[in-house]
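The structure appears below as structure tokens.
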Amino acid sequence: MREICVIGGNRYFGKRLIERLLDLGDRVTVINRGSSAPPAGVTHLVADRDDEDSLRGALGSLTFDVVFDQVCYTPRQADIARRVFAGRTRRYVMTSTVEVYEYEHSTAPVREEAVDPLTVQVDLAAPWDDASYREEHYGEGKRQAEAVLARDPAFGYVAVRVAHVLGGDDDFTGRVDHYARRIRAGEPIAVPAENHPATYVYVEEIADFLAWTAGQEFTGPVNANAYGTLTTDDICAAIEREVGGKAEFLPVEVGEISPFSFARSYGMDNACAAELGYTFRHSAEWLRQAVAETLGSGEENR
């Protein structure tokens, strides 16, 4: 029986990850601030992960085989975690993001080496505690968090660079609903004048992949995404089948655009995951199901 710690993980694919670990027979400890209860069957520790003393106090003398960090957004958080979990775990899996490639613009899907954490400059003094700054610098925060874990490794670390996630009746992002509302109302959907495709991953599959990493030995960054990029048109076509209507796109040069529209290429290459032994499905296999799941929830979508 493995001892697993999950930091965060109360919702969406973090919740599914915990369910899979429990199904595998692992003993799971969940750490969060206590604002919401974790799934049944886990040990629950209440701590503020931004407060090193709070985190140490909650953990006591506990040690783990694997730690999953679902809510590491800044280098400062990674720095605290590196110190606190040094000597407590042999493996640390951080949920990172496709946003680490925000400065890349390649028509070819990008591989992990496009962003080497060892070359990323870390600024611990930046105002990471400011929520608006953190949101505005989301990709940079994740990139620097990876760098902290990579430069002075206190354990074997993995950075799972997660593509845009689709599916589930508990999708809290509101992105699919954004399109559904406009399609129903016949309202225009703002897209860039040159709209690029992106890579995605099904919510159930990213939970599967994360659980799979617990039993592996590889370290470093790994892209996690389905085969096959999707465009705004592809996603809206799936939504049209569920709600009726027809998407009307409004190309804009400046200003706010819809959430699955991108002014630059956003494709990841998942060959590394395949070489390690995990094969993702093609997005065409699950897109319609993912959209149907999300639009099947909530009174406003019925």
Side-chain angles (χ1 to χ4, degrees), residues 12-13 95-115 135-143 146 159-168 171-180 182-183 189-207 209-210 221-241 247 249-253 255-274 279-295:
Y12 210 32
F13 62 86
T95 297
S96 189
T97 174
V98 62
E99 300 290 345
V100 301
Y101 300 120
E102 64 181 329
Y103 301 132
E104 307 301 316
H105 184 56
S106 170
T107 54
V110 294
R111 294 191 59 124
E112 290 79 359
E113 54 265 29
V115 174
E135 181 178 356
E136 184 179 350
H137 296 82
Y138 176 71
E140 184 62 31
K142 288 285 192 179
R143 191 164 37 246
E146 286 190 27
V160 179
R161 294 172 176 171
V162 181
H164 305 287
V165 183
L166 287 172
D171 179 356
F172 63 91
T173 65
R175 293 175 297 191
V176 171
D177 290 341
H178 169 95
Y179 290 103
R182 280 160 175 74
I183 290 171
I189 296 168
V191 297
E194 186 177 356
N195 194 14
H196 293 270
T199 42
Y200 292 80
V201 67
Y202 183 39
V203 64
E204 302 294 344
E205 196 158 23
I206 188 57
F209 180 73
L210 286 167
V222 59
N223 292 340
N225 59 280
Y227 288 98
T229 58
L230 295 173
T231 64
T232 312
D233 297 59
D234 295 326
I235 295 171
C236 284
I239 295 171
E240 288 167 358
R241 284 192 289 267
F249 297 108
L250 175 65
V252 296
E253 294 288 348
E256 188 174 350
I257 56 176
S258 58
F260 291 137
S261 303
F262 304 102
R264 61 175 183 77
S265 296
Y266 239 124
M268 292 195 296
D269 186 319
N270 63 17
C272 178
T279 303
F280 285 92
R281 292 189 293 159
H282 195 284
S283 57
E285 297 180 49
W286 51 257
L287 174 59
R288 186 169 184 178
Q289 178 182 354
V291 167
E293 289 172 354
T294 300
L295 294 179

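Shown here for Asn223 and Ala273, the closest heavy-atom pair between the two residues is O-CB, 3.9 Å. Shortest non-hydrogen contact noted between His196 and Ser265 is ND1-OG, 3.6 Å. Taking both residues in full, the closest heavy atoms of Pro192 and Ser261 are given as CD-CB, 3.5 Å, listed atom of the first, atom of the second, then distance. For His282 against Ala226, the heavy-atom pair with the smallest separation is C-CB, 4.4 Å. Across Tyr12 and Gly167, no two heavy atoms sit closer than the pair OH-O, 2.7 Å.
Listed by first and then second residue, the salt bridge (charged side-chain N to carboxylate O under 4.0 Å, His left out) pairs involving residues 224-241 are Glu240-Lys246 (not counting sequence neighbours).
Judged purely by atom type and a 3.5 angstrom limit, Ser106 uses its side chain to pair as donor or acceptor with the backbone of Ala108. Between the side chain of Asp177 and the backbone N or O of Leu295 there is no donor-acceptor pair closer than 3.5 Å. Between the side chain of Arg161 and the backbone N or O of Glu112 there is at least one donor-acceptor pair closer than 3.5 Å. With Thr229 contributing its side chain and Ala198 its backbone, the two residues share no donor-acceptor pair below 3.5 Å. In terms of modelled atom types and a separation under 3.5 Å, the side chain of Thr199 and the main chain of Met268 share a donor-acceptor contact.
Side-chain atoms of Val162 and Val201, non-hydrogen and from C-beta on, do get closer than 4.5 Å to each other.
Looking at residues two or more places apart in sequence or on another chain, you find a side chain to side chain contact (heavy atoms under 4.5 Å, CB included) between Ala224 and Val160, Ile206, Phe209, Phe280. In terms of the side-chain hydrogen bond (donor to acceptor under 3.5 Å, both in side chains) criterion, residue partners of Tyr202 (sequence neighbours excluded) are, by chain and number, Gln289, Glu293. Listed by chain and residue number, Tyr179, Arg182, Ile183, Val191, Cys236, Ala247, Phe249, Ser258 satisfy the side chain to side chain contact (heavy atoms under 4.5 Å, CB included) test with Ile189 (two or more places apart in sequence, or in another chain). Every residue two or more places apart in sequence or in another chain that forms a side-chain hydrogen bond (donor to acceptor under 3.5 Å, both in side chains) with Thr95 is listed here: Gln70. For Glu140, the side-chain hydrogen bond (donor to acceptor under 3.5 Å, both in side chains) partners are Arg143, Gln144, not counting sequence neighbours. Residues satisfying the side-chain hydrogen bond (donor to acceptor under 3.5 Å, both in side chains) test with Glu99, not counting sequence neighbours, are Tyr266. Every residue two or more places apart in sequence or in another chain that forms a side chain to side chain contact (heavy atoms under 4.5 Å, CB included) with Glu104 is listed here: Tyr101, Val110, Ala114, Val115. The side chain to side chain contact (heavy atoms under 4.5 Å, CB included) test applied to Ala271 returns Arg111, Asp269, Glu275, not counting sequence neighbours.
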Would you sort out whether Leu230 and Leu287 count as a side-chain contact (heavy atoms from CB on, under 4.5 Å), showing the intermediate values? CA-CA 9 Å; Leu230 295 173; Leu287 174 59; 3.9 Å; yes
Give the intermediate values and the outcome of side-chain contact (heavy atoms from CB on, under 4.5 Å) for residues Leu166 and Thr294. CA-CA 8 Å; Leu166 287 172; Thr294 300; over 6 Å; no
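A 6.0 Å sphere centred on CD of Glu113 holds more than 12 heavy atoms belonging to other residues, nucleotides or ligands.
Ring geometry for Phe260 against His164 counts as perpendicular: the plane angle is over 60°, on a 0 to 90° scale with 30° as the lower cut.
Taking NZ from Lys142 and CD from Glu102, the interatomic distance works out to 13.0 Å, rounded to the nearest 0.5 Å.
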